[in-house]
*Asks:* 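If you scroll down you'll find the structure; I have some questions about it.
Labels below follow one simple rule: chain letters A, B, ... track the order of the sequence lines, proteins then strands, and each chain is numbered from 1. The basis for the numbers below is simple: all heavy atoms, side chains too, and nothing from hydrogens, waters or symmetry mates.
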Amino acid sequence: MSRITVPIGPQHPLLKEPLSFLVSLEGEKVMDSTLRLGYVHRGIEKLAEQRTYIQNVYLIERICGICSHIHSTTYCQSVEALLKLEVPKRGLYIRMLLCELERIHSHLLWLGVLAKNIGLNTLFMYAWRDREIVLNIMEEISGGRVSHAVNIIGGVRVDLNDKHLSLLQEGLRELTIRVEEILRAIESDRSFRARTRKIGYLSLEDIKRYCVVGPVARASGLDIDIRRDAPYAAYNELSFEVPLMTEGDVWARSILRILETIQAIRLCTQIIHNLPDGPVSVSAPRKVPSGEVVSRAEAPRGEVFYYLRSDGSQKPARLKVRTPTLTTLITLPGQLKNMQLADVSAVIAGVDLCIACGDR
Amino acid sequence: MNIEKAVKKLQEVLNLDRSSTKLMPMNETEITISKQQILLAVKTILNSKIWHLSAITCQQIEDGFTLLYHFWKSGGLTLRIRLDENKPQIESICSLIPGAEYYEREAREMFGIEFHGMPNPIPLLLPDNWQGGYPMRKKELPSNEEHNSKTSQKKGKSL
Amino acid sequence: MDNMNLLGLLFRIFIFPGFFFLLIAALFLHWLDRKLIARFQGRIGPPWYQPLADLVKLFAKEDILPSGTNLFFAALLPLISFASVLTASFYLPIAIQSAPSFQGDFIVLMFLLSLPSLMYFLAGWVTQGVYSVIGGNRSLLQYFSYEVLFLLAMSGTAIASGSWSLADIRLAQIKESPYIFPQIVGFLFSLAGLIGKLKREPYDIPKAKSEVIAGALTEFSGKKLALWYLTIQLQTVVGLSFLIHCFFSGFWQMSTFSGFIVFLLLLVILQGMLSAISAIYARLRIDQLVYLNWYIFIPLTLLHNVYILLK
């Protein structure tokens with residue numbers, strides 16, 4: 001049988017961001033695939049070396065349009081560690097609140113993309129409709145729907161008032177109902193199951209070998225979550241569960257992400273109930289003493305990693321960013337092998353790619 | 001703790017003295033090893049049930065390059081390796097940790113580090129017809145100065 | 001043929017129930033479809049003139065095809081499918097009979113309705129794009145499963161009435177009762193077959209956006225694409241009318257105003273069913289579709305037909 005090569009990307013309805021995927025087919029069966037990044041490479045690591053620590057907070061936020069807050073959180077954490085700054089409790093809580101809201105927003109967005117890719121447009125519309133609730137809350141708190149610019153070195157820029165809290169409570173209550181409804185729907189829907197079960201399987205061994213993180217790893221049974229294993233901010237003061245599945249396919253990843261969304265809603269509720277009083281930030285010096293630091297945080301897609309080296313000046317000497325998308329991208333060719341062309345869309349959506357994160 | 005055990009094991013296997021190990025902020029331990037020891041060190045780490053490689057950081061310092069291999073298991077473990085300025089090259093660890101492929105490819109493109117035994121030595125982020133040298137380097141090496149001079153001048157202006 | 005007769009014939013072909021009426025009905029049903037799906041999904045949906053506006057805009061757009069395409073065939077294929085659907089409509093007694101019924105027009109109608117799918121496959125072949133070819137191949141794969149299902153399920157009515165003529169099927173229903181009651185299973189499977197014909201979700205495999213862009217029509221643009229879209233929209237009306245004729249005749253008197261209203265109502269209800277099915281199900285995979293049709297739907301339909309024969 002002769003092979004044909006189907007290009008998926010850099011412009012393709014399947015991908016919301018540019019990524020080039022060459023899939024070679026025999027009939028409808030995927031025999032091989034090659035992957036090419038770099039279409040949205042902006043050289044952020046290099047740019048960061050030309051800017052001051054404060055300017056970098058805003059640059060770093062532009063790495064990703066979906067998980068912008070977690071990037072600036074991890075960056076600020078590393079700078080604060082070098083400065084030996086103690087961020088006030090209230091500041092940390094607001095940071096965590098935004099992180100968890102972002103997780104809800106990211107997971108619902110992802111669910112919509114997956115649903116669209118397998119032709120279930122109704123679920124896509126529902127998921128994105130419910131996502132509006134979170135976006136509106138975040139807009140009310142920070143003034144931005146996806147780029148919040150909430151973090152500053154030494155704390156956060158905004159404080160929560162009573163109006164925010166009541167809005168949050170109301171929104172979270174509504175969201176709990178909606179998300180539980182979605183969970184019921186996708187657990188019972190047969191056509192959803194038919195398109196996602198046993199698709200894009202990754203075994204626990206593969207996960208370990210490829211150092212995969214986040215929901216994709218947890219859906220294959222690897223119990224890893226930075227929030228619990230190496231708590232940053234004030235996660236050690238909150239109680240939450242880390243959902244775990246063992247099926248390792250797209251279906252498991254979907255259910256797991258919805259369960260995580262429910263946990264994130266719980267966390268948000270805890271945060272607004274236990275919100276400490278006091279200032280939200282401390283002032284930070286412009287110059288950072290020389291040193292090196294490694295900082296990690298749990299983004300919606302998994303562990304995000306920052307390495308920062310300071311040489312004592314106002315600008316970082318080296319900033320390294322490793323995003324969770326890079327770890328899942330590398331598993332894609334393996335997942336796609338011997339799949340049908342129709343499943344390519346489900347697999348690519350299933351790992352929740354953020355190409356802008358991957359390219360930086 | 002896994003990390004402490006692994007550090008002890010590493011010191012034992014690689015014959016390192018205590019001065020090679022130091023603590024970094026945020027629960028991170030750092031060990032300096034030489035580049036010939038990399039495969040042995042990674043094997044030792046994998047044997048102590050630490051399989052997660054977070055990233056490989058490459059950077060250019062005054063007189064050479066450093067590679068940092070960041071491992072993680074509820075705590076960080078970083079391997080620090082100095083590379084020679086004129087011939088930055090090292091063994092690839094992709095045979096042990098396939099997940100390291102993209103990190104090594106990135107370091108290769110951005111800094112020009114040669115990884116021996118790399119499975120897929122094609123560009124990852126830069127265009128296929130990229131002529132501009134190694135974008136993340138801070139200064140040019142004496143040997144390829146001529147090759148890069150034109151593009152680096154252009155870059156300097158745009159930045 | 002005298003003048004009055006000729007005028008009447010032309011009126012029937014071009015105005016009612018011919019081309020003009022079909023066009024209005026097609027655009028209306030298309031709007032209804034989009035509006036209903038939008039409401040099911042919690043959206044507002046387009047205004048009533050949107051399908052017409054889309055069509056006018058597409059007709060005004062530049063017509064581009066990739067180099068190496070056989071321009072003659074690329075122009076011919078949408079025309080053939082358009083013509084075949086229009087011809088099919090003349091055999092269908094929508095309110096009044098346009099062409100005289102004869103023994104076997106049931107089969108002719110079946111054939112005319114399946115022509116566009118073949119043309120669709122050829123369109124993918126002619127334009128040569130990689131997505132077009134895959135889309136065309138998929139449509140052919142799908143063709144064998146839903147076409148058989150559609151024919152078998154629909155022929156239940158012909159078996160029951162003992163004739164392959166549409167007029168006889170109608171007469172038999174008026175004499176006894178509409179076939180929807182005794183043949184509800186056949187009706188449902190016919191609807192499934194029709195969904196496959198129209199390439200609607202969950203049978204929209206040949207034009208799955210996230211996999212093959214727009215399938216065989218990826219490279220088409222401008223007038224030709226507009227003609228393809230119009231064909232599919234007309235096919236919806238004709239297909240649904242065919243179903244109504246074979247399963248619901250006997251509810252109304254032909255060529256009376258109230259009968260016409262009942263017919264339109266049925267059209268709207270069936271379109272509503274199609275929209276609901278589109279909104280509920282995810283797209284099937286080609287192997288799942290073939291399995292579903294050949295292992296479950298078609299054997300059941302055969303059993304159903306045997307039951308009708310024995311009764």
Side-chain angles (χ1 to χ4, degrees), chain A residues 34-41 43 45-47 49-50 77-78 80-84 205-213 217 222 224 226 228-230 232 291-296 303-309 311 317-323 325-331 334 358-360, chain B residues 3 22 24-30 46 49-62 66 68 70-78 80 94-103 105-107 109-111 119-120 122-128 130 134-138 155 158-159:
Chain A
T34 52
L35 195 127
R36 188 74 169 76
L37 280 172
Y39 292 90
V40 277
H41 178 62
E45 289 178 8
K46 183 82 180 173
L47 283 173
E49 292 170 9
Q50 332 271 328
Q77 243 168 238
S78 48
E80 282 151 11
L82 279 182
L83 286 168
K84 300 199 170 59
E205 273 63 49
D206 287 340
I207 294 282
K208 285 183 180 175
R209 281 174 54 223
Y210 286 109
C211 308
V212 182
V213 291
L222 182 63
I224 175 174
I226 308 287
R228 184 200 53 200
D229 301 339
Y232 55 98
E292 285 171 293
V293 66
V294 165
S295 164
R296 290 180 174 86
E303 174 205 36
V304 46
F305 169 94
Y306 272 66
Y307 166 83
L308 179 71
R309 183 165 70 91
D311 54 4
R318 173 83 167 104
L319 180 69
K320 163 83 186 173
V321 184
R322 200 283 273 130
T323 53
T325 301
L326 273 180
T327 66
T328 42
L329 268 177
I330 197 167
T331 64
D359 279 5
R360 285 148 293 149
Chain B
I3 297 290
K22 73 177 190 194
M24 274 159 80
M26 302 195 78
N27 202 11
E28 186 87 15
T29 317
E30 187 200 282
L46 285 176
K49 298 220 167 57
I50 300 175
W51 62 81
H52 183 62
L53 175 72
S54 284
I56 300 175
T57 305
C58 180
Q59 53 181 324
Q60 195 174 21
I61 45 173
E62 296 311 312
T66 51
L68 302 173
H70 307 278
F71 289 87
W72 186 85
K73 173 130 196 208
S74 301
L77 172 60
T78 296
R80 176 182 292 269
C94 286
S95 52
L96 298 171
I97 305 177
E101 184 190 325
Y102 281 14
Y103 312 140
R105 276 166 75 179
E106 200 185 322
E109 281 176 66
M110 297 295 171
F111 290 95
N120 225 349
I122 52 167
L124 177 72
L125 293 166
L126 297 176
D128 290 329
W130 178 254
Y134 303 112
M136 287 291 282
R137 282 191 180 174
K138 291 196 171 161
K155 264 183 110 58
S158 63
L159 288 171

*Asks:* Tell me, with the steps shown, if B:Met136 and A:Glu49 meet side-chain contact (heavy atoms from CB on, under 4.5 Å).
*Replies:* CA-CA 10 Å; B:Met136 287 291 282; A:Glu49 292 170 9; 4.0 Å; yes
*Asks:* Relative to chain B, which segment of A:Val213 carries a heavy atom at a distance below 4.5 Å: side chain, backbone, both, or neither?
*Replies:* side chain
*Asks:* Counting C-beta onward and ignoring hydrogens, is there a side-chain heavy-atom pair between B:Trp72 and A:Val294 closer than 4.5 Å?
*Replies:*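 No, their side chains stay 4.5 Å or more apart.
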*Asks:* Among B:Ala100, B:Gly76, B:Cys58, B:Pro127, single out the residue with the greatest number of heavy-atom pairs under 4.5 Å to chain A.
*Replies:* B:Cys58
*Asks:* Compare all side-chain heavy atoms of A:Arg309 with those of B:Ile61 and state whether any distance is below 4.5 angstrom.
*Replies:*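 SC-SC contact between A:Arg309 and B:Ile61 confirmed.
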*Asks:* Please report the interatomic distance OG(B:Ser54) to CD1(A:Ile226), rounded to the nearest 0.5 Å.
*Replies:* 6.5 Å
*Asks:* Which residues satisfy the salt bridge (Lys or Arg N to Asp or Glu O under 4.0 Å) test with A:Arg360, sequence neighbours excluded?
*Replies:* A:Glu45, B:Glu106
*Asks:* Of the backbone (N, CA, C, O) and the side chain (C-beta and beyond), which part of A:Glu292 lies under 4.5 Å from a heavy atom of chain B, both, or neither?
*Replies:* both
*Asks:* Measuring heavy-atom distances to chain A, does B:Leu46 have an atom under 4.5 Å in its side chain, in its backbone, in both, or in neither?
*Replies:* neither
*Asks:* Report yes or no: do B:Thr57 and A:Arg318 form a side-chain donor-acceptor pair below 3.5 Å?
*Replies:* no
*Asks:* Assess whether side-chain contact (heavy atoms from CB on, under 4.5 Å) is satisfied between B:His70 and A:Arg296, documenting all intermediate values.
*Replies:* CA-CA 11 Å; B:His70 307 278; A:Arg296 290 180 174 86; 3.9 Å; yes
*Asks:* As an exercise, state the distance from OH of B:Tyr102 to CG of A:Leu35, rounded to the nearest 0.5 Å.
*Replies:*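 The CG atom of A:Leu35 is 4.5 Å from OH of B:Tyr102, to the nearest 0.5 Å.
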*Asks:* Using a distance-only test with no angle check, is there a side-chain donor-acceptor pair under 3.5 angstrom linking B:Gln59 and A:Tyr307?
*Replies:*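 Yes - a donor-acceptor pair under 3.5 Å links their side chains.
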*Asks:* Quick one: do A:Leu222 and B:Trp51 satisfy side-chain contact (heavy atoms from CB on, under 4.5 Å)? Show the steps, please.
*Replies:* CA-CA 12 Å; A:Leu222 182 63; B:Trp51 62 81; 3.3 Å; yes
*Asks:* State the OH-NE2 distance between A:Tyr210 and B:His52, to the nearest 0.5 angstrom.
*Replies:*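 The NE2 atom of B:His52 is 15.5 Å from OH of A:Tyr210, to the nearest 0.5 Å.
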*Asks:* So does B:Ile97 get a backbone contact from the side chain of A:Arg209, meaning a donor-acceptor N/O pair under 3.5 Å?
*Replies:*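 No, because the side chain of A:Arg209 does not come within donor-acceptor range (under 3.5 Å) of the backbone of B:Ile97.
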*Asks:* Less than 4.5 Å to any heavy atom of chain B: does that hold for the side chain of A:Leu329, its backbone, both, or neither?
*Replies:* both
*Asks:* Indicate yes or no: at least one non-hydrogen side-chain atom of B:Leu125 is less than 4.5 angstrom from one of A:Tyr39.
*Replies:*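 No, their side chains stay 4.5 Å or more apart.
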